[in-house]
Amino acid sequence: MMPQAHIIGTGSAVPERILTNKDLESIVDTSDEWIIRRTGIKERRISSKEKDESTTDLATKASLKAMEMAGISSENLDMIVVGTVTSDRQFPSTACMVQQDLKAENAIAFDVSAGCTGFLYALTIANNAIRCGTCENALVIGVERLSSVVNWRDRNTCVLLADGAGAVVVTSKKDRGGILSSRLKSDGTLWELLYSSYGNSYIPEVLQGIDLKPLHLEMDGNRLFKKAIEYMSTITQRVMQDTSLSSEEIQLVIPHQANIRIIQGLAKSLKVPMEKVYTNIHKYGNTSSATIPIALDEANREGLVKKGENVLLVSFGSGLTWGASILNWSF
Ligand code: COA
């Protein structure tokens with residue numbers, strides 16, 4: 001039997017500072033009521049410069065928790081792959097910085113830039129390497145510090161985006177289960193729906209202490225909203241066909257946490273009841289490539305994912321990129 005990629009540990013880390021919708025009312029022309037009704041977000045976490053909450057710090061903290069759960073030491077890692085668009089430096093990669101922190105000297109380390117689908121791209125690369133036999137143990141991370149690239153004068157985006165990290169350890173086993181199918185897609189013709197350029201250096205008073213980069217985000221929220229539901233639905237159908245699983249045989253859906261209305265639209269289109277859909281957007285907002293591994297870690301630690309159950313991960317993001325994976329949970 002070909003080696004299969006099994007997740008054997010999950011971890012996550014978010015900054016200490018909580019930014020509520022009420023706090024945002026003093027920054028832009030918005031309201032707690034609007035943000036909750038239109039997005040489902042109540043609060044989010046924002047990194048502080050003075051608190052060891054850089055992209056690398058968050059990624060390392062999440063990784064240590066995942067490795068502890070997996071019972072794996074850093075010298076046994078042979079791949080570290082990070083989905084991120086907010087690396088601390090242009091180069092080297094966040095993965096190399098995490099490698100240094102973990103002293104994972106036997107790993108290869110690199111980042112993947114695929115917007116909010118970054119974690120699923122990274123997981124798929126690790127899955128393929130394990131199935132080919134070129135990797136035994138991979139650390140897969142989704143991490144973002146979007147507060148550093150948000151335009152804090154733009155109410156269309158600054159209420160949505162936030163910081164955090166999630167990680168999983170994936171290992172090679174000859175047992176059935178693990179990652180059953182993983183599919184990715186992208187469409188570069190739609191890049192203008194969500195991108196980041198240079199230009200903004202404004203930080204509102206209540207957020208002094210943010211390590212701002214000379215970048216800011218532009219987004220066409222309405223067009224993204226529609227594409228998100230359509231693309232996540234079609235790619236989910238594809239992984240369900242690959243695995244011959246029906247929606248009734250999926251016990252838990254962990255979608256990208258961009259907007260509760262997108263998640264509800266996806267659930268409706270897939271005919272999956274919302275009780276099977278894990279959401280934590282109210283606490284963390286959209287942390288881009290970190291939403292899925294943070295949610296997976298929380299669901300796992302809350303005992304919501306049980307051995308033998310099928311879990312669907314599905315995401316979309318800037319690029320455009322989108323992807324889905326079905327896992328048979330094996331620990
Ligand atoms: N507070 C108050 N009003 C706001 C606001 C805010 N934070 N942001 C936008 N508005 C206003 C708009 O200016 C607009 O006002 P107008 O009618 O006077 O022009 C009105 O609310 C409606 O705007 P609209 O864009 O139609 O709202 P919406 O219901 O589509 O919600 C998003 C906007 C951004 C929440 C929604 O489109 C969305 O979530 N899109 C997907 C974004 C996404 O997922 N991005 C990440 C991809 S990974």
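Note that this is a predicted model, so its numbers are computed, not measured. Note that ligands are numbered from 1 as they come in the structure, with each ligand's atoms numbered from 1 the same way.
Using 4.0 Å as the threshold, Ile262 has a heavy atom nearer than that to some atom of ligand 1. Heavy-atom distances between Asn156 and ligand 1 reach below 4.0 Å in at least one pair.
Between the choices Asn286, Leu146, Ile41, the shortest heavy-atom distance to atom 46 (C) of ligand 1 belongs to Asn286. Around atom 33 (C) of ligand 1, the closest heavy atom drawn from Trp34, Phe316, Phe225 belongs to Trp34. Nearest residue to atom 12 (C) of ligand 1 from Glu33, Arg155, Glu25 is Arg155 (criterion: closest heavy atom).
On a distance-only criterion, Asn222 and ligand 1 share at least one N/O pair closer than 3.5 Å. Residue Asn259 has at least one N or O atom closer than 3.5 Å to an N or O atom of ligand 1. The distance criterion of under 3.5 Å between nitrogen or oxygen atoms is met by Thr30 with respect to ligand 1.
Contacts with ligand 1 closer than 4.0 Å are made by no heavy atom of Val28, backbone or side chain.
Considering Pro15, Ser148, Ser54 as possible partners of Ser47, the one that fulfils the side chain to side chain contact (heavy atoms under 4.5 Å, CB included) test is Pro15.
For Glu68, the CD atom counts as loosely surrounded, since its 6.0 Å shell holds 12 or fewer non-hydrogen atoms of other residues, nucleotides or ligands. The local environment of CZ in Arg37 is crowded, with over 12 non-hydrogen atoms from other residues, nucleotides or ligands closer than 6.0 Å.
By the definition of a contact as any protein heavy atom under 4.0 Å away, atom 23 (O) of ligand 1 is not in contact.
Other cluster members for Leu58: Ile8, Leu64, Met67, Ile72, Leu77, Ile80, Val82, Val98, Leu102, Leu139, Ile141, Val143, Val169, joined by side-chain heavy-atom distances under 4.5 Å among Ile, Leu, Val, Met, Phe, Trp and Tyr.
The stretch residues 264-289 participates, sequence neighbours left out, in these salt bridge (charged side-chain N to carboxylate O under 4.0 Å, His left out) pairs: Lys283-Glu298.
Looking at Asp29 and Arg155, a side-chain N of the basic residue comes within less than 4.0 Å of a carboxylate O on the acidic one, giving a salt bridge.
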